[in-house]
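As the structure is a computational prediction, the values presented were derived from the model and not from experiment. First the proteins, then the strands, lettered A, B, ... as listed; each starts at 1.
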Protein chains: 2
Amino acid sequence: MPRRARGVYPWWHGRFRGFGHRITLGREAILDVLIKANKHLSAEDIYMKVHSVYPSVGLTTVYRTLEILVKLGIIYKFDFGDGRARYEIVKDPKGVDHHHHLICSNCNRVIDYTEFIDDEVELFKRTEEGLAKKYDFKITNHLIQFYGLCKECSGKNKGF
Amino acid sequence: MPRRARGVYPWWHGRFRGFGHRITLGREAILDVLIKANKHLSAEDIYMKVHSVYPSVGLTTVYRTLEILVKLGIIYKFDFGDGRARYEIVKDPKGVDHHHHLICSNCNRVIDYTEFIDDEVELFKRTEEGLAKKYDFKITNHLIQFYGLCKECSGKNKGF
DNA sequence: TTGTTAATGGAAACCATATTCAATAAGGAG
DNA sequence: CTCCTTATTGAATATGGTTTCCATTAACAA
Ligand SMILES: [Mn+2]
Ligand SMILES: [Mn+2]
Ligand SMILES: [Zn+2]
Ligand SMILES: [Zn+2]
């Protein structure tokens, strides 16, 4: 039963407690994995990592915790099309780390990119305004993903 | 056992046969539903419609046929985030009917839009070139979806 | 018409995620 | 620090869309 040095709390504790959630060992471990991994992890990925340190934490708790974290805007949830959700820590709550993904159709590798996001944001602002007006639709967020072949798979790709 | 008027074949027969697939009653019925529906149908949607005319066609065949149709580029497959895939006929194989989707987070209504696609295409051309160069990634297609609240759900939406 | 073999459907398997429920522990009150 | 309330937990089970199995059927080339 590890005990935290008094007064030292991760940034997300506030938001977490603010919404009436309790801070538990499992939840800390899960967040810790997300923060350190800095990649796109599946629930199972997270479960295995957490489990290696705290074998008592179950997969169910991982799913439940991830759900809360998404709701609180602490992590992103993505679907890269391989049948399982992926989770990624939100580095900057103000949206400065806004990025999109390049997804390899062959090896499922995922590349973050932020290049051209400025142009993109500008176009989307116009598009969103136009669409909002024309269809009376209130756009709250968007999903952009490029699919193709990564460096490794590009050369000797096995069809498909 | 209906028999088609001699010599009259839908446009997709050629591509279908060209890839070594047989034209069966079930497959024709499925394509027929997709063509006439002109909407975003789930496998179950299609199954029920087909089933009402040809009760002998099973759900398995629907799934198998849809898989082939996607592979041949005759239909699109989308994931709008409600846990089931949606299928939509490709009207123009040359990509002139290229469009994206507005998805209501509340009622799951889906709106096709083609507005601003020109600007978008232009931006994407630049983006794709840049990304392809920087990451050595061969982009073959993209996915763009806007999420938000539709006209009906915008006013009196029940939280979420 | 016939023979080869792709296609079929019904049942069962799959698999990520959700739910149930009795046991546990976080954390506010005292 | 101790107690008490109740959110949280893990294990088992359920869920639901999609896939696989396999014996039967039917498309279509010859
Ligand atoms: Mn990312
Ligand atoms: Mn569409
Ligand atoms: Zn790859
Ligand atoms: Zn709606």
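Atom CD1 in B:Ile68 sits about 14 Å away from atom C1' in D:dT19, given to the nearest Å. Remark: P of C:dA25 and CD of A:Glu28 are 16 Å apart, rounded to the nearest angstrom. Atom C1' of nucleotide C:dA7 and atom CD1 of B:Ile30 are separated by 11 Å, given to the nearest angstrom. The distance between atom OH of A:Tyr54 and atom C1' of D:dT8, rounded to the nearest whole Å, is 17 Å. Rounded to whole angstrom, the span from the CG atom of B:Asp82 across to the C1' atom of C:dT17 amounts to 15 Å. Taking atom CZ on A:Arg86 and atom P on C:dT17, their separation rounds to 9 Å, with Å as the unit. Note: CZ (A:Arg84) to P (D:dT18) measures 16 Å, nearest angstrom. As a whole-Å value, the separation of B:Tyr47 OH from D:dG16 P is 17 Å.
A close approach under 4.0 Å does not occur between any side-chain nitrogen or oxygen of B:Thr24 and OP1 or OP2 of D:dA26. Between A:Tyr63 and C:dA18 there is no side-chain polar atom (N or O) within less than 4.0 angstrom of OP1 or OP2. Phosphate proximity of C:dA6 to B:His21: absent, as no side-chain N or O sits under 4.0 Å from OP1 or OP2.
The residue from A:Arg86, A:Arg109, A:His101 that alone fulfils the side chain to side chain donor-acceptor pair (under 3.5 Å) condition with A:His40 is A:His101.
Residues B:Gly83 and A:Arg22 each lie close to DNA chain D; by heavy-atom proximity, the contact nearer the 5' end of the strand is made by A:Arg22. Of the two residues near DNA chain C, A:Ser42 and A:Arg64, the one whose nearest nucleotide lies more 5' is A:Ser42. Between B:Gly20 and B:Thr60, the one whose closest nucleotide on DNA chain C sits nearer the 5' end is B:Gly20. Mapping A:Arg27 and B:Leu59 onto DNA chain D by nearest heavy atom places A:Arg27 closer to the 5' end of the strand.
Checking D:dA12, D:dA27, C:dT17 against the side-chain heavy atoms of A:Ala43 singles out C:dT17 as nearest. In the set C:dT17, C:dA16, C:dG28, the nucleotide with an atom closest to the side chain of A:Ala85 is C:dT17.
A:Arg17 is linked by a side chain to side chain contact (heavy atoms under 4.5 Å, CB included) to A:Ile23, counting only residues two or more places apart in sequence or in another chain.
Listed here is the closest heavy atom pair of B:Leu59 and B:Tyr47: N-CE1, 3.3 Å.
Using a 3.5 Å distance cut-off with no hydrogens or angles, the side chains of A:Glu88 and A:His99 do pair a donor with an acceptor.
Although no hydrogens or angles enter the test, the distance criterion places a donor-acceptor pair under 3.5 Å between the side chain of A:Arg27 and the main chain of A:Arg22.
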